[in-house]
Visitor: 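Here it is, the structure, as structure tokens.
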Number of protein chains: 2
Amino acid sequence: MLDLIKPLLVRNASKIVLAVADGLGGLPVERGGPTELEAARTPNLDGLVRDNVCGLSLPVRPGITPGSGPGHLGLFGYDPLQHQIGRGVLEALGIDFDLGPDDVAARGNFCTVDAEGRITDRRAGRIASEPARAVVARLRQIQIPGAAVFVEHVREYRFVLVLRGDPAGAEVADTDPGREGERPLKPKAQNPESEPTARLIERFVTEAAALLKDEPQANMVTLRGIARRPPIPSMTEVYGLNAAALAVYPMYRGLARLVGMTILDPGQSWAEQVTALQRHWRDFDFFFLHYKYTDAAGEDGDFRRKVQKIEEFDAEFARIVELGPDVLIVTGDHSTPARLRSHSWHPVPVLLASAACRPDLVESFGERPCLAGGLGQLEAKYLLPLALAHASRLNKFGA
Amino acid sequence: MLDLIKPLLVRNASKIVLAVADGLGGLPVERGGPTELEAARTPNLDGLVRDNVCGLSLPVRPGITPGSGPGHLGLFGYDPLQHQIGRGVLEALGIDFDLGPDDVAARGNFCTVDAEGRITDRRAGRIASEPARAVVARLRQIQIPGAAVFVEHVREYRFVLVLRGDPAGAEVADTDPGREGERPLKPKAQNPESEPTARLIERFVTEAAALLKDEPQANMVTLRGIARRPPIPSMTEVYGLNAAALAVYPMYRGLARLVGMTILDPGQSWAEQVTALQRHWRDFDFFFLHYKYTDAAGEDGDFRRKVQKIEEFDAEFARIVELGPDVLIVTGDHSTPARLRSHSWHPVPVLLASAACRPDLVESFGERPCLAGGLGQLEAKYLLPLALAHASRLNKFGA
């Protein structure tokens, strides 16, 4: 798809807005009842639906429940199966760490080991963040010849390790044996190119063990999801877009950074994000707005709060529409039904508003109404090409 | 898709039932009239439709009419374009022959040849099964150094040849020249690895010609669709399912065996199949029930009988639902509209019932109502991943 689109690109002054309500899709709590989105009063979105076109977005493939990484890559126009993001990278993005292309990131866990070095608690008794930060401070003393070492606390027993050295492979297996009663594994390279990286990690682990041996709460570390940033071509390169992100939560800024977006200061709330959008309106072609609270309510199993968060999401669309985007897409990166308290595989309602769209007969924004939408059910990765088309940014393919 | 799913698998105690009414999809006889399924009274299926989710299944790709092999492989979660089954293999499966992984199978035809060896009747005057069985008995005398030879009668002029020898290529061209007035072709290897197989087959054909030269009704044989079982990974391997099949007709048992299902004694009727399902309910995760009579009625062009057979199919669903499957999928392997008297490419109605499904607005089971279904139109190969998702058997993809 990227190869198909690149030669067709046209640059113009059009503006595209992608507004993502995280985990938007839902499920009825009772048979025959409404979903969260169907229960919410969304006058602004319903108004957009009536004049424009709707459908349902499949984040990855039917039946596949996406994490935030694949969910967003799809919306940014990349096939999430072609571009997979390692756990360590996502963890680094989640704390706003600006990963370089050669950096190797790992998710670290503090743990406890007995006198023989066998793991007694894989999560160091879920050590509180305060003492864990002190342990992180000790690990920051570690120096390794040949690489800069970054250790960043995440939360409780979790931290991020980043090694910045000469480029080498990053295919190194987890050191976490996955269960208690066993010793942490030696970092093992999965191929010869990754040997230098495995040795750097081994050195880090050895030094960490020595530094922490008298720590009562966390005397050892394990590492998982060792990975490098995937080499994703930027949105400028493949879609010709000067793109910016307005996201309050670091992980979504990080995902936007991965595809080359400029990260803008979003303020602290949805209303402030929209104000920031107004402020930067002239500076970019494409804006990604990320709204987290729908997903958080879904994960908490709180149907009512999710309904309310959808209504708060809706409330700012008058200001967005006022800016006059050539294309406005409103959707989610996946479903998070309050009933399931987790991400799910269910398709996500999507609305595309543009003067060039072919309106359908849908009258309100919701899972069931969208089934009759003009976009049908389509993989999320096609939404960005559709946005470009509606923004007159794509030439005809073939003569 | 298989590579994507395998690392996401979760094992649990959930039960999945796939009930296949062969050739379920149909067409109206008159413009504006109902299809077979729409004409049938199906209170049980309609009840399931109202609380659950529907759609239409594309067996292979739009416009492609599948045979039974591709039709079922899709439903079993395999891309039928990736896993193709040779004619000889399907013929052997159709008589319940338990093909080994190295066996080479061919579909055989009795024919008649003149004094110069030119074919005078490619189907041996459609010789009756009784005398044909006697000819098969003669062919069973053939012994070939280096391979065990199995000759099994199918019906009238058709038989199956299986050679069980050292593993070698099975790419050997048909010996049937495709028209009368020509001599049977020499078995020709399509690549060097298949030379040993071509020589074994040549030896069989030479011996057969000698043995049959005085048979008045069938003095020669031709062979077609020479093939080995495709190397399909089992449903246990790729989907983590302990799967069983309840199918009255041998070919469907054979297809189930190809993907590693356990073949259970189905009894003789649909009601007995469901009784067998009850009996084995605790022993497996996944049950494939195959109902043949809808397809047979469609092939006979008998709209009314197909309607009646759909009603008989419907009648047993109360007993299936009573077992409490976590996921129940009801569909067909393809359409067989009575009006066309043959398989067709038209999408097949599908119903997925599960507590985790997102209900749509469909109220009865039929081709037109299913167009509004929440599953949309999707390739058959996605139904099994969807079943796993609804059965909580798939972890999230990516973090």
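Lettering of chains follows the sequences in order, A, B, ..., and the numbering in each one begins at 1. Every heavy atom of this structure was used, including side-chain atoms; hydrogens, water molecules and symmetry mates were not.
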Visitor: I'd like to know which of A:Gly26, A:Pro59, A:Cys370, A:Gly25 tops the heavy-atom pair count under 4.5 Å against chain B.
Guide: A:Gly26
Visitor: Do you know which of B:Cys357, B:Gly373, B:Gly374 has the most heavy-atom pairs with chain A at a distance under 4.5 angstrom?
Guide: B:Gly374
Visitor: Non-hydrogen atoms of chain B under 4.5 Å away: do they reach the side chain of A:Pro28, the backbone, both or neither?
Guide: side chain
Visitor: With a 4.5 angstrom heavy-atom cut-off, could you sort out which part of A:Ile85 is near chain B: side chain, backbone, both or neither?
Guide: neither
Visitor: Is it the backbone or the side chain of B:Ala356 that comes under 4.5 Å from a heavy atom of chain A, or both, or neither?
Guide: both
Visitor: For chain B, find its close neighbours in residues 342-352 of chain A: heavy-atom separation under 4.5 Å, sorted by number, or none.
Guide: A:His343, A:Trp345, A:His346, A:Pro347
Visitor: Within a 6.0 Å radius of atom CZ on B:Arg41, are there more than 12 heavy atoms belonging to other residues, nucleotides or ligands?
Guide: no
Visitor: I need the B:Arg358 CZ to A:Leu27 CG distance, nearest 0.5 Å.
Guide: 6.0 Å
Visitor: Name the region of B:Leu394, side chain, backbone, both or neither, that has any atom closer than 4.5 Å to a heavy atom of chain A.
Guide: side chain
Visitor: Is any side-chain heavy atom of A:Thr65 closer than 4.5 Å to a side-chain heavy atom of B:Leu8?
Guide: no
Visitor: Could you tell me which portion of B:Ala399 (side chain, backbone, both or neither) has an atom closer than 4.5 angstrom to a non-hydrogen atom of chain A?
Guide: both
Visitor: Which atom names give the shortest non-hydrogen contact between B:Gly398 and A:Pro70, and what distance separates them?
Guide: CA-CG, 3.9 Å
Visitor: Test side-chain contact (heavy atoms from CB on, under 4.5 Å) on A:Ile64 and B:Lys396; report intermediate values, then the result.
Guide: CA-CA 7 Å; A:Ile64 304 301; B:Lys396 162 165 91 167; over 6 Å; no
Visitor: Using non-hydrogen atoms only, which part of B:Asn52 is less than 4.5 Å away from chain A: side chain, backbone, both, or neither?
Guide: both
Visitor: Looking at side-chain heavy atoms only, is the closest gap between A:Gln84 and B:Phe397 below 4.5 Å?
Guide: yes
Visitor: Could you walk me through whether B:Leu4 and A:Leu81 pass side-chain contact (heavy atoms from CB on, under 4.5 Å), step by step?
Guide: CA-CA 8 Å; B:Leu4 167 63; A:Leu81 297 186; 3.6 Å; yes
Visitor: Mind ranking B:Leu378, B:Leu371, B:Leu375 by heavy-atom pairs under 4.5 Å with chain A and telling me who comes out on top?
Guide: B:Leu375
Visitor: Output the residues of residues 359-368 of chain A for which the shortest heavy-atom distance to chain B is under 4.5 Å, in residue-number order; output 'none' if no such residue exists.
Guide: A:Glu367, A:Arg368
